[in-house]
Number of protein chains: 2
Amino acid sequence: MDTHLLRTFVAVARHGSFTAAATELGYTQSAVSQHVAALETDLRTPLLRRRPVALTDAGARLLEHAEPLLLRLAAARADVTRLVAAPAEHLVVGASALALGGGLAGALAAVRSRRPLVSPTVRVLERAEIAARVADGTLDLGLVDGVAAPTDPLPLPDVGPLSAVAVTQAPLAVLLPPGHPLEGRRGLRLADLADARWIDAPEAAMPLDRLRAASGSDGFRPSLRYEGTDVRGLIALALAGHGLALLPEPALDGVAAGVPVPRLVHRVELLHGGLTDGPAALLAAALTG
Amino acid sequence: MDTHLLRTFVAVARHGSFTAAATELGYTQSAVSQHVAALETDLRTPLLRRRPVALTDAGARLLEHAEPLLLRLAAARADVTRLVAAPAEHLVVGASALALGGGLAGALAAVRSRRPLVSPTVRVLERAEIAARVADGTLDLGLVDGVAAPTDPLPLPDVGPLSAVAVTQAPLAVLLPPGHPLEGRRGLRLADLADARWIDAPEAAMPLDRLRAASGSDGFRPSLRYEGTDVRGLIALALAGHGLALLPEPALDGVAAGVPVPRLVHRVELLHGGLTDGPAALLAAALTG
DNA sequence: ATGCCTTACGCCGCCCGTAACCATG
DNA sequence: CATGGTTACGGGCGGCGTAAGGCAT
């Protein structure tokens with residue numbers, strides 16, 4: 001079970017094609033075939049069905065292990081490298097869409113006024129990707145948002161030793177279309193809304209599976225899916241009655257009115273893998289005060 | 001960063017010697033030297049100081065990543081194998097010393113009366129080792145004990161996806177020498193004993209660092225260390241006044257009297273990595289039934 | 001008939017062992 | 001001077017590519 005074989009296996013599983021995996025990895029199709037065969041011989045079980053290419057049960061199980069393993073391998077390299085290398089003069093920050101605005105704009109000013117000059121990169125990513133990219137060093141810093149109980153930390157995927165520190169915490173609000181029966185209520189318990197129609201907007205609002213986890217209910221069925229990070233588009237859809245959406249209150253400030261949700265907050269955390277001196281540390285200090 | 005190189009590096013770090021690592025792995029000293037050199041070139045930093053062999057900072061950091069990585073690699077293999085292979089007709093159970101007695105003896109009877117005949121192996125191990133060995137398939141089942149709040153799960157090292165299920169829960173008691181000022185008290189808060197003299201008996205009693213974690217105090221300094229799993233020996237030392245010890249109440253039944261500790265329990269959990277039919281499932285059912 | 005994965009086969013390069021070398025206690 | 005890690009070098013073998021083979025759509 002060499003890591004090269006695992007890497008190839010993961011690529012094949014992702015692409016559903018030996019050929020595509022080969023081109024991605026810079027191998028020939030033949031080599032990929034041999035890699036998979038080697039793994040299958042080693043584990044004494046077929047991992048993929050061919051034509052069409054699909055995972056067997058064993059393959060699916062292996063994939064569950066292989067992806068985090070490869071991520072951790074990259075994280076290990078990045079961690080050691082960070083420890084040794086001089087702090088980079090560049091700065092790449094990854095953030096989920098709703099984690100922006102938590103003072104990032106202001107904090108970046110502190111970095112940009114620094115000498116020698118750095119021009120930071122801000123990259124908007126899916127929440128799930130951020131921790132992984134901070135761990136493997138693709139990002140210097142990450143800003144993730146999520147819903148949690150007031151002082152609880154966010155639940156983060158386990159991708160190795162990362163430090164997380166709170167940046168902001170804001171109330172959450174449910175966005176209701178005008179004329180909705182619950183309009184004007186002072187507060188709404190999330191569980192009461194489990195059976196309502198929701199917009200599934202995992203990037204632009206709170207993901208529905210997180211609402212299920214936070215409320216302990218298994219409702220929150222999506223009536224429409226919104227793929228994108230633009231909050232204004234989502235607000236338009238919600239106001240047009242396509243479904244409810246849960247947003248941090250500041251995000252709909254001045255645009256629409258929402259009904260606050262008690263006992264839960266929108267939380268933004270800063271993720272990093274050990275700060276040394278350099279632009280990253282500067283930005284982190286500016287963000288966390 | 002091939003896994004072979006990491007394995008060699010870990011062996012060298014553990015042994016503090018290239019030669020010893022080589023013999024363990026069945027390599028020549030030269031190969032080991034080349035492995036380490038390859039890693040160091042790859043990461044562009046020295047990992048070990050030679051003569052005497054000791055970890056550099058970067059090496060120590062790498063080791064923190066490498067050991068869990070290799071463990072998870074073994075766990076992945078074991079997991080896939082478990083899924084595919086017919087359930088073994090053998091059964092190896094690992095248990096920490098104080099996790100024995102939680103009905104294991106009785107439950108084993110159910111297994112031994114089964115046809116075809118299996119003769120199970122019970123192996124007493126350190127707590128930390130058990131989860132790792134269940135994950136990598138060395139053990140079919142693990143029984144770990146620890147101290148926790150009444151219904152909380154035990155804190156387990158993260159070695160991949162394992163299932164844990166409670167087996168028993170028992171009160172905890174502090175073992176006091178006769179004539180101790182607190183003798184005869186109805187109940188003792190752990191924090192009040194942080195400054196007492198304790199026996200550090202990580203295998204035969206609750207480890208002191210766990211007491212610190214559970215009580216939030218940083219006391220519990222050891223006055224004597226007891227290496228071994230024999231509880232009677234520990235009890236003798238405690239009664240002779242060498243220090244206090246925290247034990248599950250059943251463990252000192254009939255031998256000595258202890259003062260109960262409220263708000264904490266001794267908990268035993270069964271660890272497994274997905275049960276199929278076979279002796280392991282039988283034993284698990286008998287234990288948790 | 002045509003993709004697409006598999007198998008056969010040869011070559012290149014990597015990796016390990018032998019052996020000489022060197023540093024340190 | 002001895003113990004133990006490093007370096008030099010050669011040989012074996014594993015892994016990759018080329019190309020031919022098979023199989024399902």
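In the text below, chain A, chain B and the rest are named by the order of the sequence lines, each starting its count at 1.
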Checklist outcome for this item: Among C:dC16, C:dC5, D:dC16, the one nearest any side-chain atom of A:S33 is C:dC5
Item to check | D:dG4 OP1/OP2 closer than 4.0 Å to side-chain N/O of B:Q29 | outcome: no
Can you measure [X] atom [atom1] to [N] atom [atom2] for me and round it to whole angstrom units?
X: A:H4; N: C:dC15; atom1: NE2; atom2: P; value: 9 Å
X: A:L25; N: D:dG17; atom1: CG; atom2: C1'; value: 15 Å
X: B:D42; N: C:dC14; atom1: CG; atom2: P; value: 14 Å
X: A:Q34; N: D:dG17; atom1: CD; atom2: P; value: 9 Å
X: B:H15; N: D:dT3; atom1: NE2; atom2: P; value: 20 Å
X: A:D2; N: C:dC14; atom1: CG; atom2: P; value: 15 Å
X: B:H35; N: C:dC14; atom1: NE2; atom2: P; value: 14 Å
X: A:F18; N: D:dC23; atom1: CZ; atom2: P; value: 16 Å

Next on the checklist: Under 4.0 Å, counting only non-hydrogen atoms across every strand here, what does A:T19 touch: a base, just sugar-phosphate, or nothing?
Outcome noted: sugar-phosphate
Next on the checklist: Between A:V32 and B:A20, which residue's closest nucleotide on DNA chain D lies nearer the 5′ terminus?
Outcome noted: B:A20
Item to check | base_contact_polar (D:dT18 base, A:S30 side chain, donor-acceptor, <3.5 Å) | outcome: yes
Checklist entry - Do the side chain of B:R51 and the base of D:dG4 come within less than 3.5 angstrom through a donor-acceptor pair of N or O atoms? => result yes
Could you check whether any side-chain heavy atom of [X] comes within less than 4.5 Å of a side-chain heavy atom of [Y], counting everything from C-beta outward?
X: B:D79; Y: A:E64; answer: no
X: B:R210; Y: B:P155; answer: yes
X: A:V231; Y: A:L98; answer: yes

Checklist outcome for this item: Between B:L100 and the options B:V122, B:V93, B:T229, the side-chain contact (heavy atoms from CB on, under 4.5 Å) test singles out B:V122
Checklist entry - Distance-only, no hydrogens or angles: does the A:E269 side chain make a donor-acceptor pair with backbone N or O of A:L154 under 3.5 Å? => result yes
